[in-house]
Amino acid sequence: MFSIKSLVLFSAAICLASCSRVPNVNVLDAETNAITPFASTKCTKPNADGENCDEKQCTKDVQSDCKSFANKCLEFGHKYEGTADGGTCSRVSTPNS
């Protein structure tokens, strides 16, 4: 049987493994704000499909900065211009290419 100490350590390990991960989402896809831990974001140039963005701005807020946003922007092959305090992610290619 597990001791309380073992259960606490196990629970902490599970949380660290899952809680610290940024979801694998394209930051220019529609509605990523609701499922990602990014700072404040705003679609500044909508895509022709009417759902996604071709350009999105990130602004640091009290809960988070733009580091994860910038990393995900670059990870998906887009261009990020700015700093951890704020910047813009721009689509390099169209969503269908």
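Position 1 is the first residue of the sequence; numbering continues from there. Just so it is clear, the values below take in all heavy atoms, side chains as well, and ignore hydrogens, waters and symmetry mates.
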When rounded to the nearest 0.5 Å, the distance separating SG of Cys89 from CG of Leu74 is 7.5 Å
Among all residues two or more places apart in sequence or in another chain, which pass the side-chain contact (heavy atoms from CB on, under 4.5 Å) test with Cys53?
Leu28, Cys43, Lys56
Under 4.0 Å between a side-chain nitrogen and a carboxylate oxygen: does that hold for Arg91 and Asp54?
yes
The reported gap from NZ in Lys45 to CG in Asn52 (rounded to nearest 0.5 angstrom) is 14.0 Å
What's the verdict on side chain to side chain contact (heavy atoms under 4.5 Å, CB included) for Asn26 and Glu75, showing C-alpha distance, side-chain angles and the deciding distance?
CA-CA 8 Å; Asn26 186 335; Glu75 183 180 312; over 6 Å; no
Sequence neighbours left out, what passes side-chain contact (heavy atoms from CB on, under 4.5 Å) with Asn71? Give chain and number order.
none
Give me the atom names and distance for the closest heavy-atom approach of Ser90 to Glu55.
OG-OE1, 3.5 Å
Which residues pass the salt bridge (Lys or Arg N to Asp or Glu O under 4.0 Å) test with Lys79, sequence neighbours left out?
Glu81
If the condition is side-chain contact (heavy atoms from CB on, under 4.5 Å), which residues does Gln57 pass it with, not counting sequence neighbours?
Thr44, Thr88
Is there a donor-acceptor contact under 3.5 Å from the side chain of Asp61 to the main chain of Ser64?
yes
How long is the gap from CG on Asp49 to CG on Asp29, to the nearest 0.5 Å?
9.0 Å
Heavy-atom closest pair (Gly86 atom, Cys66 atom, distance to 0.1 Å) is CA-SG, 3.9 Å
Calculate, to the nearest 0.5 Å, the distance between atoms NZ and OG belonging to Lys60 and Ser40 respectively.
12.0 Å
Would you say Tyr80 ends up clustered with Val27 if hydrophobic residues are merged whenever their side chains have heavy atoms under 4.5 Å apart, either directly or through other cluster members?
yes
How long is the span from the NZ atom in Lys72 to the SG atom in Cys58, to the nearest 0.5 Å?
14.5 Å
